[in-house]
Every structure is written in C-alpha cells, then in structure tokens.
Amino acid sequence: MKKAIIVGTGSYLPKKILTNKDLERLVETSDEWITGRTGIKERHIADEDEAASDLGVKAAISALNEANLEASEIDLIIVTTVTPDMLFPATSCVIQDKIGATKAVAFDLNAACSGFVYGLAVAEQFIRTGTYEKILLIATEAMSKVADYTDRNICVLLGDGAGAAVLTPADDRKGLLGNWLAAAGKYGNLLYLPAGGSKMPASHKTIEEHLHYMKMEGPALFKVAIHSMVEAIEKVLSPLRIAPGELDLVIPHQANLRIIKAVAKGIDVPLEKFYVNVDMCGNMSSASIAVALDEALKEGRIKPGSLVLLVAFGAGLTWGSCVIKF
Ligand code: ACO
C-alpha cells in the first residue's frame, strides 16, 4: 500500500486586519490582557460578502498551482470547516463548482480545530487503498461570522483564513508516516454553537439570546488542551520509534501561545522548534494548522527531509496528530 505525500500547499488570509486596539473599542479589554493571556496581537477578518468557500477557493488554487495540477484532475475534495457557507449543500461541493473540479467527489468533515489533522488521516486512507490518487484537502474558516463581538471571552481569540494541501501517492521513504486521532463527546459542552441546527432551529428568541455565536469554557479547555496535545504527540511518535527531540518542526493548533509553550515543555522540546502564528492570525480553528504548514514551507522552516509533526485540539472534543517526512 502506498503512502500519501503532500505535493502542494496554499493559504489565504483576508486583507482586513482587526488589532487588539480595535477590539478595545468594541469590548472591555486591553492589548495588554490579550497579548499577555493569549499571545494574539491581530487577526484577519473576512468581508461581509466573503464566505468560507471564497477563502477556501483562494487557498485551493495556490495549492493546485504549486502541485502543478489542474482542478479537473482532482479525484476527491475534502473541506474541513465549522463555518460552512450553509448547513447544506456541503462547502466542498460549492468549492468543487467554483474551481471547476468537475470529476471530484466532495464532502465536508467537521472535527472543529482538529479538522485538518483528521482530514489528512482520511485522505491518506483513500490513497493507501488506491481508491483516489489526487486529493485536495481544504481547511477554511470564517470564525468572525460566529464570534460574538459583545463577548470579550470569545471575540478576541478568533480569526479567519484558509489553508489547502494536495495529496498524491508517494514512494515509501517520505510522506505521511503515521497519525493518531481521538474524540470525547462527553466534553462537547465546553465549546459549541447552540442554535441554527435541528436541536435549536433559528428563531427570534435564539437571535435575541445570541445563540448563533460560539460559546466556550476557556479556562476548563485550557488544561484539557495541553494534556490532550501532549498525549497525541506521544501516541503518534511511540509506534514510529521517533523521539520528540528528533522532530525538525512541530506545528500545533494555534489557540493560545501559553498552551503552545506548555506543550513544548510537556514534551521537552524547545519552543524554537514550534511554528507559531497565533500572534498574527488568532485562532482560525481547522485553518490554523493548514495555514501554518503553508507558511512554514514558504519560509523554509520545512526542507526536503524534514520530520514534521502536526498536533491539534478542538471542539467535540477532538484531538490528534500526524507525522510527515518531507
Ligand atoms: N479582556 C479582559 N479580560 C478578559 C477577557 C478579555 N478579552 N476575556 C476574559 N477576561 C476575563 C474573564 O472575564 C475572567 O474574569 P473574572 O476572573 O473576573 O471572571 C478572567 O479574564 C479569566 O482570566 P483567566 O482565568 O486568567 O483566563 P485564562 O488565562 O484561562 O485565559 C483564555 C482565557 C484565553 C480563553 C484561555 O482559557 C484559553 O485560551 N483557553 C483555551 C481555548 C482553547 O484551546 N479552545 C479550544 C480550541 S478553540 C476552537 O475549537 C475554535
């Protein structure tokens, strides 16, 4: 069975930037609090008429160009998002149409912030079994559309963006070496969006009560996030007989710089080996790791032969990891 390899990546960040100073004018907060407690300085925000599919299309086109592939050659499109254009049809079908990937099968995958890591694991299965050869994985999030800009606990954390990767079969020396996934639905109440689904359909009441915005128990998640990401790193590395110190780069989910520092300490790897963009992008849910991966490649932080670990944590709860040899 063949391994999967990433042959092209792309990312897109909306032009509009929301700084901590801007947020000081919206809610009772300060640049000092946000920077000190989260590491975030600014985040990109989609335009009013810009949906998740629009961000995803731009990232997808960059990834296809880098892979030297036409959209019409793609066999499968997987879109990871918690901010789909609509409940249905799937955002992957919207993107399939917009880029002209006419022969591609398309579906969405919702694993919240762990979406890109879950998506890589799913894409890899199709490549290993020989079902599909050219897969476009897109993580796209318009988090600003579900952020309550009257709730300082949430709105300072989130940003918008999209990242994409093209996967094809690889020779056996490089590619996706392993992955490990987990979920714990019993903690679903720590991070969720209450209204707009079949449990609580949209009504005047749900709108008045701000129930179409994301709700989060931040401090409770903080501890679980650190423990879960350390677990995901240990579980994926152990069967591969790779020590954390052998990794060239770790790309963690970008929720909070303090979480990233604690994970680095937890696996005894210096922070310099962690890719960090939470300062300039905030938390973009599943797009965080996808954008960071593209940036790390473009900045030369990942070179041929580099051993890279992706580790995610998010709503569900879901968490997981993936090791890639470039
Ligand atoms: N400005 C000023 N004060 C604030 C702000 C703000 N923007 N937000 C919260 N506070 C206040 C709270 O009201 C609270 O005040 P109180 O003590 O008077 O009630 C206090 O700050 C809370 O402070 P801390 O307990 O120190 O908060 P903490 O250090 O835990 O930071 C944060 C909060 C940033 C949310 C952190 O808990 C966190 O990052 N949690 C994890 C988030 C995460 O990993 N989510 C999962 C992935 S996200 C996804 O799936 C989309």
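Both counts, for ligands and for their atoms, begin at 1 and track the order of listing. Count residues from 1 along the sequence.
Taking each of Phe313, Trp319, Trp33, Phe222 in turn, the one with a heavy atom nearest to atom 27 (O) of ligand 1 proves to be Trp33. Of all the listed residues (Ala147, Gly39, Ala255), Ala255 holds the heavy atom that lies closest to atom 43 (C) of ligand 1.
The side-chain heavy atoms of Ile61 and Ile99, taken from C-beta on, include a pair separated by under 4.5 Å.
Within ligand 1, counting atoms from 1 as listed, the ones closer than 4.0 Å to a heavy atom of Leu221 are 45 (N). Close approach of ligand 1 to Arg37 (heavy-atom distance below 4.0 Å) involves ligand atoms 26 (O), 29 (O). Close contacts of ligand 1 with Ala315, meaning ligand atoms under 4.0 Å from a residue heavy atom, involve 50 (O). Proximity to Gly314 (heavy-atom distance under 4.0 Å) selects the following atoms of ligand 1: 50 (O). If you number the atoms of ligand 1 from 1 as listed, the ones under 4.0 Å from a heavy atom of Val156 come out as 7 (N). Per-residue contacts place Ile259 under 4.0 angstrom from the following atoms of ligand 1 (heavy atoms of the residue considered): 41 (C), 44 (O).
Where the criterion is an N or O separation shorter than 3.5 Å, residue side chain and backbone included, Asn256 meets it with respect to ligand 1. Considering backbone and side-chain N/O of Thr29, one or more are found under 3.5 Å from N/O of ligand 1. Checked by distance only, ligand 1 and Ser285 stay at 3.5 Å or farther apart across all their nitrogen or oxygen atoms.
Of the protein's non-hydrogen atoms, Gly218 O, 3.6 Å is the one closest to atom 41 (C) of ligand 1. Atom 31 (O) of ligand 1 has Arg258 NH1, 3.9 Å as its closest protein atom, hydrogens excluded (heavy atom only). Looking from atom 48 (S) of ligand 1 to the surrounding protein, the closest heavy atom is Asn283 ND2, 2.9 Å. With respect to atom 18 (O) of ligand 1, the closest heavy atom belonging to the protein is Arg152 NH2, 4.9 Å. Given atom 25 (O) of ligand 1, the protein heavy atom at minimum distance is Pro219 CG, 4.0 Å. Among protein heavy atoms, the minimum distance from atom 47 (C) of ligand 1 is reached at Cys113 SG, 3.7 Å.
Using a 4.0 Å threshold on non-hydrogen atoms, atom 29 (O) of ligand 1 counts as touching the protein. When distances from atom 8 (N) of ligand 1 to the protein are checked, a heavy atom turns up under 4.0 Å. Under the 4.0 Å distance rule, the nearest protein heavy atom to atom 4 (C) of ligand 1 falls inside the cut-off.
Here Val82 has no heavy atoms under 4.0 Å from ligand 1, in either its backbone or its side chain. Of all the heavy atoms of Leu191, the ones lying under 4.0 Å from any atom of ligand 1 belong exclusively to the side chain. The side chain of Thr38, and not its backbone, has at least one atom closer than 4.0 Å to an atom of ligand 1 (non-hydrogen atoms only; side chain from C-beta on). At a heavy-atom cutoff of 4.0 Å, ligand 1 is contacted by no atom of Leu158, backbone or side chain.
Cluster membership for Ile154 and Met284, using ILVMFWY side-chain heavy atoms within less than 4.5 angstrom, is not shared.
Rounding to the nearest 0.5 Å gives a distance of 5.5 Å between CG of Leu177 and CD1 of Ile242. One distance of note links CD of Gln96 with OG1 of Thr102; it measures 7.0 Å at 0.5 Å rounding.
The shortest heavy-atom distance from Ala112 to ligand 1 is not under 4.0 Å.
Between the side chain of Glu141 and the backbone N or O of Gly161 there is no donor-acceptor pair closer than 3.5 Å.
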